[in-house]
> 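Got a structure here, written out as structure tokens. Questions coming.
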4 protein chains.
Amino acid sequence: MTKQKRIGARKEQILKAAEQVFAKKGFQQATISEIAREANVSDATIYEYFPTKEELLFTIPFETTRKGKKDLLLHLSLIRGAANKMRALIYWYLHFFEHHPDYGAVVLLILKSNREFLKTDTYQVVREWARLFVDIIKEGMESGEFKKDIDPYLVRSVILGTIEHSVISWLLIGRPKDLLSLVDPLTDLVVNGINKEDAMDTSRWNINISLERPQEKKISDMPAENE
Amino acid sequence: MTKQKRIGARKEQILKAAEQVFAKKGFQQATISEIAREANVSDATIYEYFPTKEELLFTIPFETTRKGKKDLLLHLSLIRGAANKMRALIYWYLHFFEHHPDYGAVVLLILKSNREFLKTDTYQVVREWARLFVDIIKEGMESGEFKKDIDPYLVRSVILGTIEHSVISWLLIGRPKDLLSLVDPLTDLVVNGINKEDAMDTSRWNINISLERPQEKKISDMPAENE
Amino acid sequence: MTKQKRIGARKEQILKAAEQVFAKKGFQQATISEIAREANVSDATIYEYFPTKEELLFTIPFETTRKGKKDLLLHLSLIRGAANKMRALIYWYLHFFEHHPDYGAVVLLILKSNREFLKTDTYQVVREWARLFVDIIKEGMESGEFKKDIDPYLVRSVILGTIEHSVISWLLIGRPKDLLSLVDPLTDLVVNGINKEDAMDTSRWNINISLERPQEKKISDMPAENE
Amino acid sequence: MTKQKRIGARKEQILKAAEQVFAKKGFQQATISEIAREANVSDATIYEYFPTKEELLFTIPFETTRKGKKDLLLHLSLIRGAANKMRALIYWYLHFFEHHPDYGAVVLLILKSNREFLKTDTYQVVREWARLFVDIIKEGMESGEFKKDIDPYLVRSVILGTIEHSVISWLLIGRPKDLLSLVDPLTDLVVNGINKEDAMDTSRWNINISLERPQEKKISDMPAENE
DNA sequence: TATGAATGAGGTTTCATTCAT
DNA sequence: GATGAATGAAACCTCATTCAT
């Protein structure tokens, strides 16, 4: 193992321990000592790798989110159609929480409500990741799959808000039992809520049929805009 | 002013101050001293009315939620149609946060992720309040306004999740600028997503027409069921 | 009931409650609130009768000791002989504790080790009471019942020290079971230890023992038994 | 200095300071800050070595008592005769207090009346130490030096009670001036009070005649109770 | 006389963080 | 690089006590 890797491994080890302890105890109740114990290092060693307890917390989602975005881009590139892609996003996010409840607790119960987190590099990575949702929605709008007059940011809020609300409920009170059971109902609700065939606003209870799929746009074509 | 009222007033005064300080500083960073200063009482006086700092926090939404439910029931009784009632709920909730950002910060940034809060009486009141959403959704399902095969709890998660996610964003990064601008798009998305006329699921873009509205059910008929 | 008497009764009521609570909790752990509750008065009322918590404590033995001295003087006047009187003192003191354990706890566990108590009026009454012991001992010395070369203050320390040590043990660990069983052995030990007929001093016994002494046992041989 | 020794030294340093401050101020009035100042460490350092203020208090007599017992066993092994050994015990105990008044104040004014202390390990060590007294008395009973019908626990109470009562008096009001002046009078009183030569029970070695004695009550009438 | 209500004052304890080794 | 040992800083909470009514 190279020196570089050894350092990386040690850092990973501490981050893993921190994730566990923060998830179980919350930020304030968690102590550096307990994290150090869990990571089999001394308290002081943690400070060799992270300047403060808060920085340690903020670092937890960094790599995960960066890799998550990379993986998602690959998956999405294999899928045709904005609605299908949206389902993939929803599936992927719920599936991830289902298998990483500690991570979910750290991100949704601690970081999501932390004002300081907004100033971090990690938050920037999270924003980039979250832009995927907007990109897909815009793609659907441009392709004609989705209505033109929707607010993609609202739609993203619907998706993220619903998922995160549900995961919090799952973490704290155990309901729903199974996160993945939400994938299809949520996808359906959102897609039905925004798809082109829905004529709600122009004419009440009208009929619209779209038989052909529009051309997919490549994700890499999407502009890196501000949110 | 009667003795009863004086005590109530003092309690209210402290709760108001606590709401402000908790909203600005968060739970841990807020100090009893600062709350006391804000409330123009001594530290010790706070402990005459609330046994611990945490209990003080937990008490903040009690009356508000209780009254909120009562008010909502009145409003809803004046509205016909589940979709219209749902819009009212969404409007009311967003409108409330728009005018009570400190309250929003306390509830959404502090209490929503607090495991201990789940054990409180206040939480029970919040649950009762949240049942209103489910009741309306079920009303729509029974009346035929909404599809029969939706999960009312998921729909509630969509509404609450979206609103709360948006309010957090509004509180922390100032976007969206105007919470009430979300009312119609969100209502439309949800109602379109679940309404009867829309028989489509993601695989089939089908056509369904429903011209007549079914009979409304009164809210007061709704069973007080467990969730 | 005259006004005077009503006040006295209220004071007595508070003192009784204080005795109970102090005995059960100790001085610091006892609270004015608990004493007030026990006495069926408000906290503030206690301060109508006693200037401070400490003064309340210090007042507890005042009347009891004053009356105790008076009673004892009567009893003693009926008894002939210093040894008999000494037995009466011992009996009286142990009997009193046997029937007033709360009082014993207050006096022996709290007041006896309190430096401030030495400055009080109550302490002066206690000193007068304790002088009875010295008086009896001196009486015995003068009458020839006791040796002339004893220190009456030491003898008093033996009596009071033994009794108080025993009562503390009785209060805290329940041994001895019966305080009054100590009366005669203690009286005998002290009276034999100081009476005229006993002409031995420590320098002379060694001569008497040499021949018939059993073998010494080494301390290290002693079993480490439970007591 | 080895690490082990350094830790021991630091602990000792804190215990010494605590002894001083507790002795001067009492338990409640003493503050951790003052102890820390006296020990030249920070407040927090005290909590590295002792979990609570009360535990710190309870630890003070641990080593001293353990070593005291060990030393006493050595001394006693060099002395022949139970009476002589008893004098040694009395001497040793008074001598110790004479030279360790702070320790005396902690043990006699604070710990002796503390119910919680009875649950500690230190108290068990004290009990073992106190058994030495009983062992010596029993030795004297078996050897024939002391009467057979005495209660060794009462005799111990006489010795400990007298000494502790006297030391408290010495500490609080400065009388007696010299603790060691009590050694011989107390030894004489006790030994005379219980020795075999005492004419009370028609001992074999007696050369004394008692003409004016009032009727004794037989010790053997008393129940032989447990301590 | 009695008390409800208010508070001043202060100490124990916890930990994140530092630094010499 | 790793850590044992030390500590600065701070805040909750408790009650004895006061005083207007």
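Everything quoted here is computed from the prediction, not taken from an experiment. Below, chains carry the letters A, B, ... as their sequence lines are ordered, and counting in each starts from 1.
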> Would you say that D:E54 contacts D:F27 through its side chain, given a criterion of any heavy-atom pair below 4.5 Å between the two side chains?
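Yes, at least one pair of side-chain atoms sits under 4.5 Å.
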> Please tell me if the side chains of D:Y49 and D:E12 come closer than 4.5 Å, counting only heavy atoms from C-beta onward.
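A side-chain contact is absent here, since even the closest heavy-atom pair is not under 4.5 Å.
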> Atom CZ of A:F27 and atom C1' of E:dC15: how far apart are they, to the nearest Å?
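Nearest whole value for this atom pair: 12 Å.
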> Donor-acceptor pair, C:K53 side chain versus C:A30 backbone, under 3.5 Å?
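It does hold such a pair.
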> Please answer whether the main-chain N or O of B:P61 pairs with a side-chain N or O of B:T65 as donor and acceptor at a distance below 3.5 Å.
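At least one qualifying donor-acceptor pair exists.
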> Please report the closest heavy-atom contact between B:I35 and B:I14, naming both atoms and the distance.
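So the two residues come closest at CG2-O, 4.2 Å.
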> Under 4.5 Å between any side-chain heavy atoms of C:I32 and C:Y47, yes or no?
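SC-SC contact between C:I32 and C:Y47 confirmed.
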> For D:L171 and D:P101, which heavy atoms make the closest approach, and how far apart are they?
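The answer is CD2-O, 3.6 Å.
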> When both hydrogen-bonding distances must be under 3.5 Å and the geometry is Watson-Crick or G-U wobble, what is F:dT21 paired with, if anything?
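By the stated definition (distances under 3.5 Å), E:dA2 pairs with F:dT21.
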> Does D:R37 pair with D:E34 as a salt bridge, N-O distance under 4.0 Å?
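Salt bridge absent between D:R37 and D:E34.
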> Across all strands shown, which nucleotide pairs with E:dG8 by Watson-Crick or G-U wobble geometry, both distances under 3.5 Å?
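Pairing partner, where one exists within any strand: F:dC15.
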> Considering only heavy atoms, which members of residues 32-59 of chain C lie under 4.0 Å from some atom of DNA chain F?
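The answer is C:I32, C:A44, C:Y47, C:T52, C:K53.
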> Can you tell me the distance, in whole Å, between the CD atom of A:Q28 and the C1' atom of E:dT13?
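Result: 16 Å.
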> For DNA chain E, whose closest nucleotide is more 5', that of B:R10 or that of A:T31?
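Upstream on the strand: B:R10.
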> Under 4.0 Å from any atom of DNA chain E, heavy atoms only: list the residues of residues 12-23 of chain B that qualify, in numerical order.
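Residues of residues 12-23 of chain B that come under 4.0 Å of DNA chain E do not exist, since none gets that close.
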